[in-house]
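Report on one structure; see the data block that follows.
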Amino acid sequence: MKPRNKRTARCLAVVSVAAALSGVTVPAGARPAEGTPGAASLGDRLFPSLGNGGYDARSYDVAFDYRPAVATMAARVTMTAMATQNLSRFSLDSAGQRIRSVTVNGRPAGFRTAGEKLFITPPRSLPDGHPFVTTIQYVADRDANPASPAVKMPQGMAWPWKPWVNAPDGFAVMGQADRSHVIFPSNDHPSDKAVFTFRVTTPADRTAVANGTLVERRTTNGRTTFVYRIDRPIPTDVVQIAVGKFTRTDAVGPFGLPLHSYAPTAQAAKLAPAIARTADQVAWAERTLGLPFPYSTYGILGAPSGYDGVALETPTISTFPAAALAQPDEKESPTQVHELIHQYFGDTVSPRTWDDMWLSEGHAMYYQFRYTSDRGFEPMDQIMKEIYADEAHQRPIVGPPAHMKNAVGVLFDTDAPGALTLYALRQVVGDQTFQRIERTFYTTYRYGSATTQDYIAVANRVSGRNLTGLFDAWLYGAKTPPMPGHPDWTGRQPSPSATPSSAH
């Protein structure tokens with residue numbers, strides 16, 4: 001995610017059997033489980049109330065019925081999950097919704113809401129190691145945008161980003177970091193990734209866009225239902241569902257990769273150059289990383305609104321404010337690449353906890369700068385020198401990248417120091433070893449999640465060196481360490497002209 005101011009068989013099987021699981025019962029001859037409640041939190045340091053225990057979400061099927069005249073939508077989410085204990089009760093993250101009914105394995109279940117939790121009591125306990133299906137019928141309100149309870153804003157300031165980003169002819173969503181459960185009830189923590197199906201019904205003159213591949217489109221009585229499916233697990237915070245009057249542009253990327261991009265019809269001509277750049281940018285990423293693109297399709301979405309003033313790494317369809325995409329190549333291309341790199345680091349390999357967010361943002365920022373340098377916009381060393389100077393000033397205020405002082409820091413303050421950490425690592429081990437570390441880490445944890453310690457362990461193993469001290473200094477130290485190979489670099493007060501644009 002960037003503030004504008006500053007291919008698995010198991011997953012396919014889960015999707016294909018989700019409907020059949022609605023009649024799941026305890027296997028013949030087995031005793032009913034004597035369960036206990038699942039934990040109502042995963043204990044994340046920065047978002048302590050987020051996430052839920054007792055089960056592993058495997059798939060979500062999310063449906064919306066969009067009607068232009070009202071802010072509310074009839075909605076439904078079906079979660080297929082695997083119990084990891086005998087469950088007498090479990091919870092999902094949920095906020096800003098009116099829950100109408102809940103079923104578990106096709107049978108009515110008890111439910112109640114408290115804070116940002118939906119507590120569900122199934123008609124019988126759910127046995128450990130068995131799948132179960134929960135269907136929630138609810139009303140989604142696009143005017144309901146509760147702020148994150150974990151984010152502490154300065155006195156007098158309100159959280160400026162909304163999960164529901166409304167536009168005159170539709171909407172988009174922005175769920176990072178912990179707001180996707182405002183859009184649909186879920187286990188809204190990056191450690192519990194899942195595959196998704198989206199079903200959005202709109203007037204026939206609108207188009208729905210979502211993560212994944214458009215697998216069905218049908219029109220009945222003037223209303224069209226779009227069905228998208230992504231068959232690789234993704235974290236909830238980077239889900240995208242959008243409705244609008246969009247023009248779709250199709251192209252082909254490296255090795256036949258389908259590229260499907262969407263622009264507001266009124267601005268399609270202005271966004272055409274940015275859309276046309278996408279194939280070359282994917283080729284650059286594959287060449288630079290030495291890795292194939294991780295999903296079966298890609299493209300960009302120009303949100304007709306300002307999209308909260310950010311860009312977001314929504315898997316298979318990175319999201320940008322339409323106006324930003326209309327900017328000149330040298331202004332917007334680096335941001336496009338930032339979100340593209342997130343498709344690898346952040347989406348395919350996700351942070352296990354929010355303290356690990358630098359693995360996502362640091363990689364996106366580092367390779368953004370590599371692209372900027374490769375294109376001749378600004379030399380890499382000069383960019384990093386400027387970033388170093390500003391980060392040395394910021395660190396005492398916001399904290400080190402792997403231990404932010406405030407939850408808001410995961411959106412804004414892990415990218416620059418994360419990029420510096422990777423740059424310092426490359427300075428120490430050299431380019432070839434750095435590339436082997438990057439590829440080994442990615443291939444080890446792709447389609448899952450990883451921690452900071454996982455990255456350090458890979459770096460130590462691949463390099464054959466103990467680099468733990470280097471990482472401790474850069475990721476947890478109170479002060480920005482000296483940059484290897486650049487003893488002359490110093491810190492200074494930040495200035496707008498010296499701070500490159502950054503992204504989520």
Side-chain angles (χ1 to χ4, degrees), residues 281-294 334 337-338 340-351 356-375 377-388 391 400-402 414-446 448-477 480-487 489 500 502-503:
Q281 291 169 347
V282 174
W284 180 90
E286 291 191 337
R287 184 172 61 251
T288 303
L289 296 171
L291 298 165
F293 187 74
V337 169
H338 183 110
L340 171 58
I341 294 299
H342 270 310
Q343 304 292 307
Y344 295 84
F345 298 99
D347 296 345
T348 302
V349 179
S350 304
D356 304 309
M357 187 59 167
W358 77 272
L359 288 167
S360 175
E361 292 298 340
H363 275 92
M365 185 65 88
Y366 173 81
Y367 287 102
Q368 172 186 333
F369 294 154
R370 288 275 298 268
Y371 177 82
T372 298
S373 182
D374 285 358
R375 288 292 306 276
F377 297 150
E378 189 176 0
M380 180 73 169
D381 287 350
Q382 182 61 33
I383 296 172
M384 300 309 296
K385 182 177 181 180
E386 294 172 354
I387 289 293
Y388 181 91
E391 204 278 328
T414 65
D415 48 8
L420 286 167
T421 300
L422 296 173
Y423 181 85
L425 174 63
R426 187 183 180 210
Q427 292 289 108
V428 170
V429 302
D431 186 60
Q432 289 187 349
T433 299
F434 177 75
Q435 290 182 34
R436 287 194 293 116
I437 291 170
E438 291 283 89
R439 288 194 294 267
T440 302
F441 174 70
Y442 174 84
T443 55
T444 301
Y445 294 102
R446 61 183 167 184
S449 58
T451 67
T452 297
Q453 297 307 311
D454 290 330
Y455 188 86
I456 295 172
V458 168
N460 288 345
R461 184 173 73 252
V462 171
S463 68
R465 302 169 60 175
N466 186 350
L467 299 167
T468 303
L470 174 78
F471 285 109
D472 284 349
W474 280 96
L475 297 174
Y476 300 104
T480 305
M483 177 58 71
H486 296 282
W489 287 10
S502 57

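Keep in mind the model is a prediction, meaning the values are calculated, not measured.
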If the condition is side chain to side chain contact (heavy atoms under 4.5 Å, CB included), which residues does R375 pass it with, not counting sequence neighbours? D329, S333, Y371, F377

Below 3.5 Å, can you tabulate the donor-acceptor pairs from side chains in residues 282-294 to any protein atom, sequence neighbours excluded?
{"residue": "W284", "atom": "NE1", "partner": "D374", "partner atom": "OD2", "Å": "3.0"}
{"residue": "E286", "atom": "OE2", "partner": "F293", "partner atom": "N", "Å": "2.8"}
{"residue": "T288", "atom": "OG1", "partner": "W284", "partner atom": "O", "Å": "2.8"}

Between R426 and Q435, is the side chain to side chain contact (heavy atoms under 4.5 Å, CB included) condition met? List the steps. CA-CA 9 Å; R426 187 183 180 210; Q435 290 182 34; 5.9 Å; no

What residues form a ring-ring contact (aromatic ring centres under 6.0 Å, His included) with Y366, not counting sequence neighbours? F434

Would you check if V428 and R465 make a side-chain contact, meaning some heavy-atom pair closer than 4.5 Å? yes

Side chain N460, main chain L467, donor-acceptor under 3.5 Å: yes

At what distance, to the nearest 0.5 angstrom, does CD of Q453 lie from CG of D356? 8.5 Å

Rounded to the nearest 0.5 Å, the CH2 atom of W489 sits from the CD atom of E391 at a distance of 12.0 Å

Who passes side chain to side chain contact (heavy atoms under 4.5 Å, CB included) against A457, sequence neighbours left out? none

Among Y442, Y455, F369, which residue meets the ring pair (Phe, Tyr, Trp, His ring centres under 6.0 Å) test with H363? Y455

For the backbone of I437 and the side chain of T440, can you confirm whether one donor and one acceptor N or O come within less than 3.5 Å of each other? no

Who passes side chain to side chain contact (heavy atoms under 4.5 Å, CB included) against P401, sequence neighbours left out? W358, R395, P417, L475

To the nearest 0.5 Å, what is the distance between CE on M384 and CE on M483? 5.5 Å

Only counting residues at least two apart or in another chain, list the ones meeting ring-ring contact (aromatic ring centres under 6.0 Å, His included) with Y367. none

